Amino acid sequence: MVAGFDRYFQIAPCFRDEDARADRSPGEFYQLDVEMSFVEQEEVFGVMEELFCGLFAEFSDWELTPPPFPRIPYAEALRRFGSDKPDLRFGLEIEDLSAFFADSPFRIFRQVVEEGGVVRGICVPELADRPRSFFDNLERFVRTQGGKGMAYLIFKEEAVEGSIAGALGRELIEQLRRQIGAEIGSALLLIADTTGTASRVAGLLRLHLADLLELRQPKVYRFCWIVDFPMYEWSEERGGVEFSHNPFSMPQGGMEALEHQPPLEILAHQYDIVCNGLELSSGAIRNHRPEVMYKAFDLAGYAREVVDEKFGGMIRAFQCGAPPHGGIAPGIDRRVMLLADEPNLREVSAFPLNQQGQDLLMGAPGPVSARQLEELHLQLKPEV
């Protein structure tokens, strides 16, 4: 963009040191890298929606989300789905019931809210005939995922049952049932914890229920955009703020936001495109102004000299003048995985590596000779 190109795309091999998992190849993947000058977020979305709709319509006969895809703010996604890559093929949205229990006589939940935590609930239809062991297994699942436990209410025709039915009382339960719109035969699953843990565990419970109850709508692609990512997050390890997503994104509000807003309240022009609970790409409106970049890194604890040392090429280029620009780089491997309806990326990779990043057929990586190390001026040190 500094050189004067107004737009470009490339199919680029990428190398990244990340843990292997079903939707991620260890070490290597391919992406469609797209950048455009003089664009805003919605213009990037329009181009990519046209691309995805055309691509998925050509290579699949599944039902497709019509454009424009839903835009879901990051904070809202965590509250409603417990994840920043929500699977929209089924309902079971998470309810925030913190305000309800903050004034309730139920001491356990009230105390969680008073201490800064939250109460999250999932109302699941047609669970009234499930045995107690079903709910016990759900609670065990919650504990294995790091939660403190799970309470539940079962709304039956003749009465309300569940682990906290006796503690809440009939009147309070009826108020709660009306607030969430629970129908007879449904069950309300409740998790009370810190905000981060409650959101994450409720999100995992939501996905677990979709598996158990086979709730996902078949043969559909449900796309959405996750927007308004926080620019910074708190790091207990560093004892301060750090970048939460992409440090080279333009903060919403620019320099004024960096100078006058608390860092943890600053949002960034960052976005993800998600399909069926799978993140296909991250993108951003880029930070093209050196002074804004220096300030953004300063808030994260990086001195101007460090920025010059680590990212000097970018800084010098932008000092010559760069247009506002933005882009995105969707992963090609994951799109093929979705189109092939495969649960594991290895099934669509020509030469898949194992989870240790090894190619067993080629015997790679192999031992390095002393001569090769000498040529590269490398020295191996024994592990301590």
Side-chain angles (χ1 to χ4, degrees), residues 21-24 56 60 62-65 69-70 72 74 76-97 118-147 149-155 162-163 180-183 185-193 196-226 272-280 334-335 337-345 347:
R21 63 188 190 198
D23 63 346
R24 179 189 290 163
F56 277 73
S60 175
W62 289 13
E63 181 186 332
L64 185 67
T65 302
F69 300 160
I72 307 176
Y74 173 81
E76 181 183 329
L78 293 187
R79 179 180 57 78
R80 291 171 57 193
F81 306 104
S83 171
D84 60 358
K85 44 181 184 292
D87 191 337
L88 303 183
R89 290 174 294 175
F90 63 101
L92 299 191
E93 290 196 18
I94 300 167
E95 302 273 355
D96 185 2
L97 301 173
V118 296
V119 180
R120 298 284 161 85
I122 304 176
C123 188
V124 188
E126 301 178 7
L127 285 190
D129 59 343
R130 299 281 174 161
R132 178 173 176 174
S133 60
F134 176 83
F135 297 96
D136 290 342
N137 287 334
L138 290 181
E139 183 175 18
R140 274 192 288 272
F141 172 82
V142 166
R143 291 185 182 276
T144 62
Q145 302 304 315
M150 184 197 79
Y152 64 94
L153 296 168
I154 306 172
F155 301 100
S163 60
I180 62 175
E183 297 180 354
S186 63
L188 176 62
L189 314 178
L190 295 159
I191 295 173
D193 214 315
T197 299
S199 294
R200 180 182 60 80
V201 173
L204 293 171
L205 177 60
R206 176 179 179 267
L207 296 175
H208 184 59
L209 288 164
D211 291 334
L212 288 177
L213 306 176
E214 299 182 348
L215 298 178
R216 289 178 178 84
Q217 188 179 0
K219 297 188 176 182
V220 297
Y221 293 117
R222 292 288 178 247
F223 285 92
C224 68
W225 292 99
I226 305 300
D272 284 0
I273 187 168
V274 175
C275 180
N276 292 1
L278 195 67
E279 178 199 321
L280 295 182
R334 288 186 184 176
R335 275 180 291 171
M337 188 176 80
L338 276 174
L339 288 167
D341 191 25
E342 290 287 353
N344 196 304
L345 205 64
E347 300 302 322

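Because the structure is predicted, anything quoted here is derived from the model rather than measured.
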With side-chain contact (heavy atoms from CB on, under 4.5 Å) as the criterion, how do Leu213 and Val124 come out once you've worked through the C-alpha distance, each side chain's angles and the decisive distance to 0.1 Å? CA-CA 10 Å; Leu213 306 176; Val124 188; 3.7 Å; yes

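- Across Ser83 and Leu78, no two heavy atoms sit closer than the pair C-CD2, 3.7 Å.
- Residues satisfying the salt bridge (charged side-chain N to carboxylate O under 4.0 Å, His left out) test with Glu139, not counting sequence neighbours, are Arg143.
- Taking 4.5 Å as the limit, every side-chain heavy atom of Ile154 sits out of range of all side-chain heavy atoms of Leu127.
- The shortest non-hydrogen separation linking Asp211 to Arg216 is OD1-NH1, 2.6 Å.
- Using a 4.5 Å heavy-atom cutoff, the side chains of Val274 and Ile72 are not in contact.
- When all heavy atoms of Leu188 and Cys123 are compared, the closest pair comes out as CD1-N, 4.1 Å.
- Among residues two or more places apart in sequence or in another chain, the side-chain hydrogen bond (donor to acceptor under 3.5 Å, both in side chains) test is passed with Glu347 by none.
- Under the salt bridge (charged side-chain N to carboxylate O under 4.0 Å, His left out) criterion, Glu63 pairs with Arg222, sequence neighbours left out.
- Atom CD1 of residue Ile122 and atom OG of residue Ser186 lie 13.0 Å apart, to the nearest 0.5 angstrom.
- Note: Leu278 CG to Ile273 CD1 = 11.0 Å, rounded to the nearest 0.5 Å.
- In this structure a side-chain-to-backbone donor-acceptor pair under 3.5 Å is missing from Thr197 to Gly147.
- Put simply, the side chain of Ile180 reaches to within 4.5 Å of the side chain of Leu97, judged on heavy atoms.
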Return all side-chain donor-acceptor pairs below 3.5 angstrom for residues 200-208, not counting sequence neighbours, or 'none' if the list is empty.
unit_1	atom_1	unit_2	atom_2	d
Arg200	NH1	Gln145	O	2.9
Arg200	NH2	Gln145	O	2.9
Arg206	NE	Gly91	O	3.1
Arg206	NE	Leu92	O	3.2
Arg206	NH1	Asp87	O	3.4
Arg206	NH2	Asp87	O	2.9
Arg206	NH2	Phe90	O	3.1
Arg206	NH2	Gly91	O	3.0

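- Within the 4.5 Å cutoff, the side chain of Leu138 has heavy atoms near those of the Leu209 side chain.
- For the atom pair Arg334 CZ and Glu279 CD, the distance stands at 6.0 Å (nearest 0.5 Å).
- Every residue two or more places apart in sequence or in another chain that forms a salt bridge (charged side-chain N to carboxylate O under 4.0 Å, His left out) with Asp96 is listed here: Arg120.
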Name the atoms and distances for all side-chain donor-acceptor pairs under 3.5 Å in residues 129-137, with sequence neighbours left out.
unit_1	atom_1	unit_2	atom_2	d
Asn137	OD1	Arg140	NH2	2.4
Asn137	ND2	Ser133	O	3.2

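- Between the OH atom of Tyr74 and the CG atom of Asp272 there is a distance of 10.0 Å, given to the nearest 0.5 Å.
- The neighbour count for Glu126 CD, taken as heavy atoms of other residues, nucleotides or ligands under 6.0 Å away, does not exceed 12.
- Residue Leu190 holds its CG atom at 10.5 Å from CD of Glu95, rounded to the nearest 0.5 Å.
- In this structure, the side chain of Thr65 engages the main chain of Tyr221 through a donor-acceptor pair within 3.5 Å.
- Annotation: the span from Asn276 atom CG to Arg89 atom CZ amounts to 4.0 Å, rounded to 0.5 Å.
- Listed here is the closest heavy atom pair of Gln217 and Val220: O-CG2, 3.4 Å.
- At least one side-chain heavy atom of Leu64 sits less than 4.5 Å from a side-chain heavy atom of Phe223.
- Remark: side-chain polar atoms of Thr144 are paired, donor with acceptor, to backbone N or O of Phe141 under 3.5 angstrom.
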